[in-house]
Amino acid sequence: MNTLEVKNLCTHFFTRAGVVKAVDGVSFSIGRGKVLGLVGESGSGKSVTGFSILGLVDPPGRVVSGEILYKGKNLVGLPEEELRRLRGNRIAMIFQDPMMTLNPVLRVDTQMIETVLAHEKVSREEARQRSRDALGMVGIPSPDERLKSYPHQFSGGMRQRVAIAIALLHRPDLIVADEPTTALDVTIQGQILAEVQKLAQNLGTSLVWITHDLSVVAGLADEIAVMYAGRVVEQGEVNAVLDAPYHPYTHGLIGSVPSRNKRGEPLRQIPGMTPSLLSLAPGCAFKTRCNRADAACDVMPNLDELSPGRFARCVHPHVGAEA
Amino acid sequence: MSATTAPRVETPFQRFVSEFFASKLAVVGLVVISAIILVAVLAPWIAPQDPYDLAVLDIMDGRLEPGSQGGSGITYWLGTDDQGRDMLSGIMYGLRISLLVGVGSAVLAAAVGATLGLLAAYVGGKTDTVIMRLVDLQLSFPAILAALMILAFLGKGIMNVVFAIVVVEWAYYARTVRGNALVERQREYIEAARCLALPPRRILFGHLLPNCLPPLIVVATMQIARAIALEATLSFLGLGVPITEPSLGLLISNGYEYMLSGKYWISFYPGIALLVTIVAINLVGDQLRDVLNPRLKK
Amino acid sequence: MALYLIRRLMQSGFVLIAMSLLVFLGVYAVGDPVEILISPDADQEERERAVRALGLDLPLWHQYLVFLGRALQGDLGRSFVFNEPAIQLILQRMPATLELAFGAMFISVLIGLPLGLYAGLRPDGRLSKTIMAGSILGFSLPSFWVGLMLIMLFAVQLGWLPSTGRGETAMLFGIRWSFLTGDGLAHILLPAINLSLFKISLVIRLTRAGVRETMLMDYVKFARAKGLTPFRVTFVHVFKNIMIPVVTVLGLELGGTIAFSVVTESVFAWPGMGKLIIDSINVLDRPVIVAYLMMIVLMFIVINLLVDLVYTLLDPRVRLEGKA
């Protein structure tokens, strides 16, 4: 059984200006110990998808339809208390900005021990022991001393390690990581990626890795889902998708990564900007920025399986053409 | 309502008006204030009696309950005080004094504060430091205490009360204007005015001040309410206006000793008038702040 | 930390000297010092003796130094009315004012914190809107008039609570306190509520703003993502953060509360410093006025210093930067 299966998830925000369909019919699944890279620009709905999985969408937003199956159990509509018992325990989350995720006025030990005690009845001493082990596991030197520190005494990379240690405290089945390396230096980024990959493999933890950085996904993920304007536009095995993307948007994204271009060749870019989710025209949301768009794009295409295990939402996919 | 959705181009003033009237509460406040000002101005003509003409007062009508009839056939809708004075008339006349002191001192404080604030921002350096230190000192000191101190030294009287309120309030204006002027000073139009070698006085009051007006108006509105409340409090303590020119605060104070015998109306109704005035001004001030504050706009 | 403390103390000393100069000028330069400092009942000979004794024939700067020297020794003159050292009169009445002010603070936290918390957690609820409207009223209501209305309702009409005086007191540390006896508590309740009204509104607004701001923080969402109970998120993660501004502002307000108790004490005939100063102003007992003002300024400085210290204790970021 898959660790997580998301089926047709719709998360909408009911603002004064209108309904924002931040996530509109997203589906994917992740097997045990697998890594899914959820890729998209800011505003594409990838973070909201992550928060929906944990049941942390705040008003005016809410999950309006769809299913989120954790080991076959639907989390949508689950009572808050049951969700709480899963959060941080079986399903953990890591946030984008490590400077903001730890409470500045509480010591690190407080913030770790409370996580242990929220889900297990153990003594404080044992909770402290577990916290210390977790810090050691993510490569923080002299964890005993560090436990007594406040967050602001750590560097950004160290704080993110602490956040990861907190996520690992209960050896969760699934971690939703919302751009956890974006705010970090490149060297630190690499260390953390390697660390997380190793830990996930050792513990059999599945990962949903939310990012806008294709190079991160390339090195880390087994599977990739590309989101655009609240929908998945392309999905499949990571190398296959990156080598020969079907959807023009994915194509454009890959073209705009410097390392994948030949030296001296001008970088390709996607013209225009992400459309406002408030005023989406019917049909393919990408059509205004797409050089392949025509009248056929005025009807929303389905997410079709174009080749085995490869899905794309496009009427004019790059199939078999330029690679 | 924003300019982008409006079908025709509005002037800033029109937009200000339409935004202000978007809040029902603020409109109610504005209507109430207008009514109060009207009553205060017209008091000598619309009040049932002249409360300070001793000839019309009948001591036999003293401390009558609201709605009772006096010896001369007049109905005292809000009762009478110990002198047999009609409370309704007393309140109308009291409003005159309260508003006069409140508005007068707020305007004076605005003039003093704005000038010093402009100077601090424009001249900078030592002048700025000295003025702002004074502002800090003033703001860290409770208004009631500073006013008490001044009145303790100067004695009571309308002018002394106004002076005390000006001393207490100028700092708010100075701080607001300085902050705003510091931003405006960087703008090109000031640069241009300087290049034209305009005299500093003209740059300060002709160019800088008009651009600091919106926040100044907001502060002034709030400070009028504060000034009215402060005057009432000082008069209640017996340190404010003299007995010959009773403001609302003094009326309330006069009723204090009859309170314990259950004659509530002598203090109650002037208090209601005071409360309504202050709340109405604050409602308008709140809305002005929301409309005139560019930071709150999206 | 020590350096910071020394700098703060020097600042405080400067403010104190500046204030003493102001008060000195107020009493000695504005108006006739002879009339201010010498009892009006004194005859000509007594006056001349007093002028010499007080050094009023000396130049102004010299007089100020003498005044300052005496003030440093705790001598701020004798009251004409009570014929007692002014400073002693003030000190006698200080406990009554302090217990009133602290009582008001206590009430404002007791009522303001839960209401502000509720309004912050459910900003769109009907009850929250009512609370916020009420807090506007709390800012607008003239305090002395509310005091009168409280007396009328609870003392005169309902007869539940006494309206004047401190009631029965009990001794603690050699000082008389009202809050230690039931009767005293009944007496302090109305004035403390009256004095707390403005502060309740303040605490409600501060707490609500703090809660709303903190709830949007990533660390609160992270705390929820850790699976903490809503109770722990609210009362540990959010609460500890909003306590910093609330405690700071309340601490700074303590001085204002003590000053403002002048009004409340007059309404409820509460025999504290505030009542004393108003009575003294009315009979022009200037030494007491001077003593009161100097005491209040001193209290202000001490309070501000303490608030700064508490602030550094509450916020680990400030604490550690200070050490480094």
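Residue numbers begin at 1 in each chain, while the letters A, B, ... track the order of the sequences. Because the structure is predicted, anything quoted here is derived from the model rather than measured.
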note = For Ser266(C) and Leu237(B) the tightest heavy-atom approach is OG-CD2, 3.3 Å
note = Honestly, the part of Ile150(B) sitting under 4.5 Å from a heavy atom of chain C is neither
ask   = How about Leu151(B) and Phe163(B): do any of their side-chain heavy atoms sit closer than 4.5 Å?
value = no
ask   = What heavy-atom pair brings Val241(B) and Leu250(B) nearest, and what distance separates the two atoms?
value = O-CD2, 4.0 Å
query = Does some side-chain heavy atom of Met222(B) sit less than 4.5 Å from a side-chain heavy atom of Asp286(B)?
reply = yes
query = Is it the case that Glu265(C) and Thr97(C) place a side-chain donor and acceptor less than 3.5 Å from each other?
reply = yes
ask   = Given a strict heavy-atom distance threshold of 4.5 Å, which part of Leu141(C) is in contact with chain B: side chain, backbone, both, or neither?
value = both
remark   = Okay, Leu137(C) and chain B: the region with an atom under 4.5 Å from a heavy atom over there is side chain
key: Given Val263(C), Val267(C), Thr264(C), Ile258(C), the one that forms side-chain contact (heavy atoms from CB on, under 4.5 Å) with Leu195(C)   = Thr264(C)
Neighbourhood of chain C inside residues 228-235 of chain B, taking heavy atoms under 4.5 Å as contact = Ala232(B), Thr233(B)
message = Are Thr257(C) and Leu100(C) packed together at the side-chain level, in the sense that at least one heavy-atom pair is separated by less than 4.5 angstrom?
response = no
message = Can you tell me which residue among Ser247(B), Pro270(B), Pro246(B) is in a side-chain contact (heavy atoms from CB on, under 4.5 Å) with Ser98(B)?
response = Ser247(B)
inquiry  = Within the 4.5 Å heavy-atom criterion, are Leu100(B) and Ile97(B) side-chain neighbours or not?
reply    = no
query = Does any heavy atom of chain C fall under 4.5 Å from the side chain of Ile144(B), the backbone, both, or neither of them?
reply = side chain
Toward chain B, the part of Phe260(C) with a non-hydrogen atom under 4.5 Å = both
Options Leu293(C), Val297(C), Val146(C), ranked by heavy-atom pairs under 4.5 Å with chain B, top entry = Leu293(C)
